[in-house]
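Single-structure report; data block below.
Indexing begins at 1, ligand by ligand and atom by atom, following the structure's order. As the structure is a computational prediction, the values presented were derived from the model and not from experiment.
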Amino acid sequence: MAQLKALLFDVDGTMAETERDGHRVAFNCAFKELGLDWEWDDALYGQLLTITGGKERLRYYLDSFNTDFEYGGDLDALIKDLHARKTKHYVAQLENSALSLRPGIERLILEAKSAGLRLAIVTTTTPANVTALVSNTLGKEALDWFECIAAGDVVPAKKPAPDIYDYCLAQMNLDAAECIVFEDSGNGVKSSLAANLPTVVTQNGYTAEDDFSGALIVLDHLGEPALPCNVIVGESLGAPYVSVAVLQDLHQKVS
Ligand code: XBP
Ligand code: MG
């Protein structure tokens with residue numbers, strides 16, 4: 001029977017609700033900066049989220065939602081430029097605002113760290129965004145708590161492909177059965193399950209209708225002593241929030 005050795009965290013939507021008030025706003029700032037009259041509202045952004053990766057999402061928008069857009073220049077270069085500007089805006093937002101982590105994230109990370117579990121971050125977002133989020137929420141020193149930060153273009157195929165999880169497992173020399181992943185979206189779960197990783201889902205507004213089949217459990221969030229979590233799909237946790245003991249229990253059931 002495999003022992004639980006590591007926790008792997010997705011970032012956007014899982015560690016923090018970054019999409020609607022973070023990435024979306026930053027994309028819109030980049031559009032304005034280049035004089036484009038594009039505006040991604042809440043609802044449109046929800047549709048665009050079916051494609052992971054900011055550059056890939058921009059291309060999807062042009063191919064499927066803004067097909068009248070004509071550009072005389074190099075479209076790849078425009079997408080690259082927009083994305084670089086968007087990243088600058090996103091990082092600046094994190095530095096200037098109080099975007100907080102989702103319930104239970106900091107508590108669980110601290111508990112796991114003192115219990116000797118290994119930690120990693122596995123995300124499709126750009127590395128600079130992870131650095132900004134972690135250092136502006138958990139503190140700069142927290143960047144060292146994560147043995148591997150697997151992010152962005154380090155693999156060619158983003159989630160839902162398993163590549164980024166496979167990359168992280170290889171970097172940490174871990175078997176999938178020794179880990180638990182935290183994800184928030186259907187694309188994330190497809191990716192982690194394709195890498196054979198047991199996965200806990202904390203869904204959110206954008207992902208509530210996603211397909212999470214195969215996940216260990218689906219929760220509204222990880223919970224806190226004063227803010228119990230709710231099970232959406234799966235058996236009762238027998239506790240008001242997700243702790244290391246709860247995870248070891250869940251892990252034992254599947255290993
Ligand atoms: C979420 C994503 C990212 C972000 C935007 O990643 O798909 O593309 O929306 O970030 P995850 P970039 O849930 O895996 O953390 O613009 O830097 O791609
Ligand atoms: Mg996510």
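A heavy-atom distance below 4.5 Å is not found between the side chains of Gln203 and Asp184. Within the 4.5 Å cutoff, no side-chain heavy atoms of Leu99 are placed close to those of Asp21. For the pair Thr207/Phe212, a side-chain contact is recorded, criterion being any heavy-atom separation below 4.5 Å from C-beta on.
Ion pair Arg118/Glu178 not flagged as a salt bridge, since none of the NZ, NE, NH1 or NH2 atoms sits closer than 4.0 Å to an Asp/Glu carboxylate oxygen. Taking a cutoff of 4.0 Å between a charged side-chain nitrogen and a carboxylate oxygen, Asp211 and Lys190 do not qualify as a salt bridge. Comment: Asp81 engages Arg85 in a salt bridge, judged by a side-chain N to carboxylate O separation of less than 4.0 angstrom. A salt bridge is absent between Lys158 and Asp163; no separation between the charged side-chain nitrogens and carboxylate oxygens falls under 4.0 Å. Checked for salt-bridge contact, Asp41 and Arg24 miss the test: no charged N lies under 4.0 Å from a carboxylate O. Using a 4.0 Å cut-off between charged side-chain N and carboxylate O, Lys5 and Asp175 make no salt bridge.
Note: an N/O pair closer than 3.5 Å links Gly53 and ligand 1 by distance alone. Ligand 1 has no N or O atom lying under 3.5 Å from any N or O atom of Lys55, backbone or side chain. Polar contact check, Thr52 against ligand 1: no nitrogen or oxygen pair lies under 3.5 Å apart. Distances between N or O atoms of Val122 and those of ligand 1 include no value under 3.5 Å. Considering backbone and side-chain atoms alike, Asp184 places every N or O at 3.5 Å or more from each N or O of ligand 1.
Within the protein, the number of N, O or S atoms lying under 2.8 Å from the Mg ion (ligand 2) is 3.
Heavy atoms of His83 approach ligand 1 to within less than 4.0 angstrom. In this structure, Arg57 has a heavy atom closer than 4.0 Å to ligand 1. In this structure, Lys86 is part of the shell of residues with a heavy atom less than 4.0 angstrom from ligand 1. Every heavy atom of Gly188 sits 4.0 Å or more from the atoms of ligand 1.
Contact record, Lys159 with Asp10: NZ-OD1, 2.8 Å, taken as the closest heavy-atom pair.
Both the backbone and the side chain of Thr124 come within 4.0 Å of ligand 1, judged by heavy-atom distances. In Lys159, the part holding a heavy atom less than 4.0 Å from any atom of ligand 1 is the side chain. With a heavy-atom cut-off of 4.0 Å, Asn129 touches ligand 1 through its side chain alone.
Residue Glu19 approaches ligand 1 through these ligand atoms, each under 4.0 Å from one of its heavy atoms: 1 (C), 2 (C), 4 (C), 9 (O). Set against the non-hydrogen atoms of Thr126, the atoms of ligand 1 under 4.0 Å away are 12 (P), 17 (O). Ligand-side atoms of ligand 1 in range of Val11: 15 (O), range being under 4.0 angstrom from any heavy atom.
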Item to complete: Using the side-chain contact (heavy atoms from CB on, under 4.5 Å) rule, take Thr137 and Ser100 through it: C-alpha gap first, then chi angles, then the decisive distance, then the call.
Response: CA-CA 6 Å; Thr137 53; Ser100 50; 5.7 Å; no
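The residue among Thr123, Thr87, Asp12, Asn187 with a heavy atom at the shortest distance from atom 4 (C) of ligand 1 is Asp12. Nearest to atom 11 (P) of ligand 1 by heavy-atom distance, out of Asp10, Thr14, Leu82, is Asp10.
Linking ILVMFWY side-chain heavy atoms closer than 4.5 Å, directly or via other members, places Val155 and Ile121 in two distinct hydrophobic clusters.
Two rings, from Trp38 and Phe69, have their centers less than 6.0 Å apart. Taking the centre of each ring, Tyr60 and Phe65 come in below the 6.0 Å mark.
Remark: Gln3 CD is loosely packed, at most 12 non-hydrogen atoms of other residues, nucleotides or ligands lying under 6.0 Å away.
Counting protein heavy atoms only, atom 18 (O) of ligand 1 is closest to Gly54 N, 2.7 Å. Atom 10 (O) of ligand 1 has its closest protein heavy atom at Thr125 OG1, 2.6 Å.
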